[in-house]
Amino acid sequence: MARSRRGRGAAESVTEPVDGGLAELRPDRDRPRGWTLLLDGAPQSHVDLDDPAFLDFPYQRRLGHIADLVGPPGAPLRVVHLGGGALTLARYIAATRPRSTQQVVEIDAPLVQFVRRQLPWDGGWRIRVRGGDARAGLAKIPDGWADLIIADVFGQARTPAHLTSTEFVAEVHRALRPGGYYAANLADGPPLRFLRGQIATVAAAFAELCLTADPAVLRGKRFGNAVLLACDTALPLAELTRRAATDPQSGRVEHGRALADFTGGAAPVTDATAVASPAPPAKTFD
């Protein structure tokens, strides 16, 4: 059962227990119909019901840039979202690329119902939400179906181990059309062992990679998000670099030799050796 409590201004926060913990929708004091989704106090995503093309979180803006560049402007895409949250990126793509066909795989069915009830999306959008595990859902995608696959899966603020292996990435590669993009939202902190392992793992399946993150994260100064992009053809590096540098929270794009040096000889991760991403420090979300 959802519970409300007074927030900033006239809006109220709404909370409800879901499989992943306590979900909270917190009103945005700067946007009348803007909401931040939190799970057990950890911010997950932001949605503006009046402007689905608005992306607030830095990592979501970086994923949005990728969605903008995967095909001609405004052209519809076929997209798979592994991890649903508040469907921020699915809403963004539906708004900026009308007639796109999108499949969302989200294991937390009560969370989906909470978001659907409190933050409904346009019934005309071609968004299908499937319940279940992300890897199992990915296995149901036909070969070569997707233009873009976005992995943004966290449980208790950690990416599950079975979504970090070469076997998992091989499934991603199978489901992408030739030249399709794979984008993964990853979280790590010093000494960045998990992030380096993920770069090596994805590089085992894809010819071209780049990584976008806050420079402080890349230097191992703090815990944070990094967006890894992979493809078998040339990436739009110049435009990604320009967009990352001019974002409100600027980011740096690493690729080529610099990315190889950053990876530091890390080995690809397999199902037998995979571990979940590290938990964020206790005060990360205070």
Side-chain angles (χ1 to χ4, degrees), residues 55 57-70 79-83 89 134-135 138 146-154 158-173 175-176 179-220 223-237 239-241 243-244 247 249 251-270 274-278:
L55 299 175
F57 289 9
Y59 87 86
Q60 291 180 331
R61 285 196 296 272
R62 289 160 190 160
L63 290 171
H65 297 330
I66 291 168
D68 291 345
L69 297 172
V70 71
V79 185
V80 177
H81 302 263
L82 303 178
L89 266 298
R135 186 157 163 181
L138 178 63
D147 298 299
L148 172 63
I149 296 177
I150 298 173
D152 186 12
V153 186
F154 291 86
R158 305 178 70 184
T159 300
H162 71 295
L163 305 180
T164 68
S165 67
T166 53
E167 292 88 343
F168 166 72
V169 176
E171 273 293 287
V172 170
H173 194 277
L176 283 170
Y181 284 13
Y182 171 51
N185 177 36
L186 306 170
D188 200 6
L192 299 175
R193 188 175 297 111
F194 173 78
L195 184 56
R196 291 185 170 102
Q198 286 305 286
I199 296 168
T201 300
V202 175
F206 289 91
E208 299 291 334
L209 283 75
C210 70
L211 184 73
T212 307
D214 185 307
V217 173
L218 295 175
R219 290 195 300 268
F223 192 95
N225 294 84
V227 171
L228 182 62
L229 173 62
C231 184
D232 281 333
T233 58
L235 294 170
L237 295 170
E239 183 61 16
L240 282 172
T241 299
R243 292 184 181 216
D247 273 340
Q249 183 176 323
R252 191 171 81 219
V253 177
E254 296 284 17
H255 60 91
R257 177 58 64 86
L259 185 60
D261 291 344
F262 175 84
T263 307
V269 174
T270 67
V275 296
S277 65

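All figures in this text were calculated on a predicted structure; none of them were measured in a lab. Values below: all heavy atoms of this structure, side chains included; hydrogens, waters and symmetry mates excluded. Numbering starts at 1 and runs along the sequence shown.
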Do the side chains of F168 and T201 get nearer than 4.5 Å, heavy atoms only? no
Hey, could you give me the CG/CG distance between L69 and L240, rounded to the nearest 0.5 Å? 5.5 Å
Intermediate values then yes/no, side-chain contact (heavy atoms from CB on, under 4.5 Å), I149 and L138: CA-CA 9 Å; I149 296 177; L138 178 63; 4.1 Å; yes
Heavy-atom nearest pair, A134 first then L82, reads O-CD2, 3.7 Å
Any non-hydrogen side-chain atom of L235 less than 4.5 Å from a side-chain atom of H255? no
Can you find a pair of side-chain heavy atoms, one from I199 and one from L209, that are under 4.5 Å apart? yes
Evaluate H173 against Y182 for ring-ring contact (aromatic ring centres under 6.0 Å, His included), listing each step before the verdict. CA-CA 8 Å; H173 194 277; Y182 171 51; 10.0 Å; no
If you look at every heavy atom in P215 and R252, which pair is closest and at what distance? CB-NH1, 3.7 Å
Say you draw a straight line from CZ of R243 to CZ of R61; how long is it, rounded to the nearest 0.5 Å? 13.0 Å
Just by distance, do the side chain of R135 and the backbone of E171 share a donor-acceptor pair under 3.5 Å? no
How far apart are the closest heavy atoms of S165 and T270, and which atoms are they? CB-C, 3.5 Å
To the nearest 0.5 Å, what is the distance between OG1 on T159 and CZ on F194? 5.0 Å
CG/L148 to OH/Y181 distance, rounded to the nearest 0.5 angstrom? 9.5 Å
Interatomic distance, OG1@T263 vs CD@Q198, rounded to 0.5 Å, equals 11.0 Å
Sub-4.5 Å side-chain heavy-atom contact between E208 and T233: no
Take L211 and L195, measure what side-chain contact (heavy atoms from CB on, under 4.5 Å) needs, and give me the verdict at the end. CA-CA 10 Å; L211 184 73; L195 184 56; 4.0 Å; yes
Any side-chain heavy-atom pair from D247 and P58 closer than 4.5 angstrom? no
Residues N225, F57; criterion side-chain contact (heavy atoms from CB on, under 4.5 Å); working and verdict: CA-CA 10 Å; N225 294 84; F57 289 9; over 6 Å; no
Provide the closest heavy-atom pair for P190 versus F223 in the form atom of the first, atom of the second, distance. CD-N, 4.3 Å
Taking all non-hydrogen atoms of both residues, which atom of L228 and which atom of C210 are closest, and how far apart? CD1-O, 3.4 Å
Residue pair Y59 / V227: nearest heavy atoms and the distance that separates them: O-CG2, 3.9 Å
Starting at CG of L63, measure out to NE2 of H81 and round the result to the nearest 0.5 Å. 10.0 Å
